[in-house]
Amino acid sequence: MIQLIRGFKDILPDETPTWKHIEETAVALFQSFGFKEIRLPIVEKAELFQRSIGENTDIVEKEMYTFEGSKGELITLRPEATASVVRSYIQQKLYAKDPIQKLYTIGPMFRRERPQKGRYRQFYQINAEVFGIASPYIDAQLISMLWTFFARLGISGLSVQLNSLGCPACRPAFKEALSSLLASKTGNLCADCVRRQDKNPLRVLDCKVPSCQEVIGDAPSMADYLCDDCARHFRTVQSALTAQNIPFELNPRLVRGLDYYTRTAFEIQTEALGAQNAIAGGGRYDMLTEMLGGPAQPAIGFAIGLDRLVALLMEGLPQQELTPDIFIAAMGEETREKTFAWSCALGREGIRTEIDFSDKGLKALMKRANRVGAAYVMIVGTQEVEEGAVLLRNMETKEQIAIPIDGLVDQVKKYLTN
RNA sequence: GUGGGUGUAGCUCAGUUGGCAGAGCACCUGGUUGUGGCCCAGGUGGUCGUGGGUUCAAGUCCCAUCACUCACCCCA
């Protein structure tokens, strides 16, 4: 037996309606807020991610699926979507048409991590990105939109984690203060954090090892180091969220794993999914368009983890299946031509129709109709064909009525749609 | 990449100190000559994840390997 690749999964019919529902909910809402869809390739040059996400991140160091193209160039299965959206914004000169662009995209991402609950090597995200707006109100509006999104899906038990990562003007001072603290207590840090100390000291902040937590306990907070502009920006985001009645928690430990984030960083977390508790996350990345060779434009965006969202929704109520409106119980090969034609015609009329083409007895056919959950059964044997009328049985009430074969499809349709 | 747990029928799982491969559900047939669900009787279905090893004998013990799963890590 050929099995699928480790960390990948099939999304089976019992789940797809939930996926569809989530996607439709998102699209409808995002469109209301002025977002337009963009569709992007799932492969890009490796360089795009190396430069945007950052060389020293785990994603770039060890999690990307990268292979050589025919000319020896390095091609990567995208580990996230923002870099691609930015690339397109620059390459297609969308900024020339209008610097302000609100874009969303839905699709698979790939990261070679060890699989576990809520974490797959191919996973799906809905991304929304806004270019060209520096105002903190757009930050709040995005978070507000996300909040509404989850509310519409009926998901509760969520929290909004909020932090500011500063900007090139103020983050270096903070990083330095943090570094010197860490340097003085290297002995108390776990092995991972010793490594992070140089590469990405901010990451030490969300380490879960108790001894590291202790060190961090008296670590400086980014909030204390924000420059005036960043501080003002951050305050406005908070007051705007409060004005929208969106509860949030200031979380100085919230650090984005990707290098390109500036200022506002946020995450939507759930208690219900174990260790992988972030179902959406995002932040501002004001330097990225310029870093990638485009015009300097402020930007902010987020990604929703679809797999985790589906898992949340599937935990709740049992999903309702799409059951047939009518099951055609056809007996005898002599009835086949007619019943085949009717099944096609009913299907074309939008009536969910099932038919069994094998030669079974009525009892077996009824059993099958019951099993697939058909609302009605159309009983057709040689007797009915001779008499010029078939039987239509209501499976719930057991009532049976005769329907003339003449004009049958129209009559069945009329009967069923009442 | 590191650690723990689990792999036996389509599904959920039993399987004792190593001694004939099991149950429930599902499926098929019959009880009911052309009427489903409930009930009763019978039946189909297994390379015991895979490959080695120990043994007269391995689902059971040992080694390896693969997969699933949870956690670390990382993040959506």
Side-chain angles (χ1 to χ4, degrees), chain A residues 1-9 22 53 56-64 79-82 106-128 146 161 190-193 195-196 200 203 206-209 212 254-258 261 265-270 273-283 301-312 327 329-332 335 358 360-384 390-400:
Chain A
M1 182 179 59
I2 299 173
Q3 294 194 59
L4 50 60
I5 303 167
R6 179 177 174 75
F8 289 68
K9 67 168 180 178
I22 292 170
I53 298 171
N56 291 331
T57 58
D58 280 13
I59 293 177
V60 170
E61 276 183 350
K62 53 194 181 191
E63 294 175 2
M64 296 203 303
E80 60 115 25
T82 301
I106 304 178
M109 312 295 157
F110 304 83
R111 290 182 202 173
R112 228 192 87 82
E113 297 177 275
R114 185 77 170 255
Q116 78 183 68
K117 187 183 179 78
R119 191 171 76 183
Y120 306 95
R121 289 180 170 182
Q122 175 175 338
F123 58 100
Y124 297 81
Q125 291 188 336
I126 303 177
N127 276 74
L146 259 181
Q161 305 288 309
C190 70
D192 284 321
C193 284
R195 189 170 44 80
R196 291 182 185 122
N200 199 345
R203 291 230 59 88
D206 64 351
C207 183
K208 287 162 196 156
V209 176
C212 296
L254 180 70
V255 181
R256 306 274 74 203
L258 286 54
Y261 285 111
F266 56 92
E267 206 164 270
I268 314 287
Q269 296 178 355
T270 170
L273 284 181
Q276 306 303 321
N277 62 352
I279 55 172
F302 64 74
I304 299 166
L306 273 179
D307 309 75
R308 292 175 185 177
L309 203 43
V310 170
L312 267 185
F327 182 94
M331 287 166 286
T335 67
S358 63
K360 286 195 178 107
L362 183 56
K363 186 184 168 113
L365 290 169
M366 289 299 295
K367 223 171 164 165
R368 177 150 181 80
N370 185 60
R371 188 176 141 67
V372 298
Y376 288 84
V377 174
M378 183 195 288
I379 298 169
V380 188
T382 48
Q383 189 182 323
E384 282 74 21
V390 304
L391 292 173
L392 194 63
R393 177 183 178 88
N394 181 322
M395 289 296 273
E396 203 175 336
T397 65
K398 299 185 179 185
E399 282 172 328
Q400 291 187 181

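Just so it is clear: chains get the letters A, B, ... in the order the sequence lines come, proteins before strands, and each one is counted from 1.
Of all nucleotides listed (B:U35, B:C68, B:C73), B:C68 comes nearest to the side chain of A:Leu4. Closest approach to the A:Ala275 side chain among B:G36, B:G34, B:C72 is made by B:C72 (side chain taken as heavy atoms from C-beta onward). The nucleotide whose nearest atom lies closest to any side-chain atom of A:Thr382 is, among B:A76, B:G37, B:G34, B:G34. In the set B:C68, B:C75, B:G37, the nucleotide with an atom closest to the side chain of A:Lys398 is B:G37. For A:Leu362, the side-chain atoms get nearest to B:U35 when compared with the rest of B:A76, B:U35, B:G3. When the nucleotides B:G34, B:C68, B:C75 are ranked by their closest atom to the side chain of A:Arg6, B:C68 comes out on top.
Nearest-nucleotide assignment on RNA chain B puts the 5′-proximal partner with A:Glu396, out of A:Glu396 and A:Tyr124. Between A:Arg111 and A:Glu384, it is A:Glu384 whose nearest contact on RNA chain B lies nearer the 5' terminus.
Pairing partner, B:G42: B:C28, with both Watson-Crick or wobble hydrogen-bond distances short of 3.5 Å. Look at B:C72: its Watson-Crick or wobble partner, with both distances under 3.5 angstrom, is B:G1. Base pairing analysis places B:A23 opposite B:U12; the two distances defining the Watson-Crick or G-U wobble pair are each below 3.5 Å.
The phosphate of B:C27 (OP1 or OP2) has a side-chain N or O of A:Arg371 nearer than 4.0 angstrom. Taking 4.0 angstrom as the limit, A:Arg114 places none of its side-chain polar atoms (N or O) nearer than this to OP1 or OP2 of B:G3. Using a 4.0 Å cut-off, no side-chain N or O of A:Gln125 falls inside it from OP1 or OP2 of B:A76.
Look at the C1' atom in both B:C48 and B:U6: the space between them is 14 Å, to the nearest Å.
Residue A:Arg308 places a side-chain atom within donor-acceptor reach of the base of B:C75, judged by atom type and a 3.5 Å distance cut-off alone.
In this structure, the side chains of A:Lys367 and A:Lys360 stay at 4.5 Å or more apart for every pair of heavy atoms.
Among the atoms of the strands shown, none is found under 4.0 Å from any heavy atom of A:Leu309.
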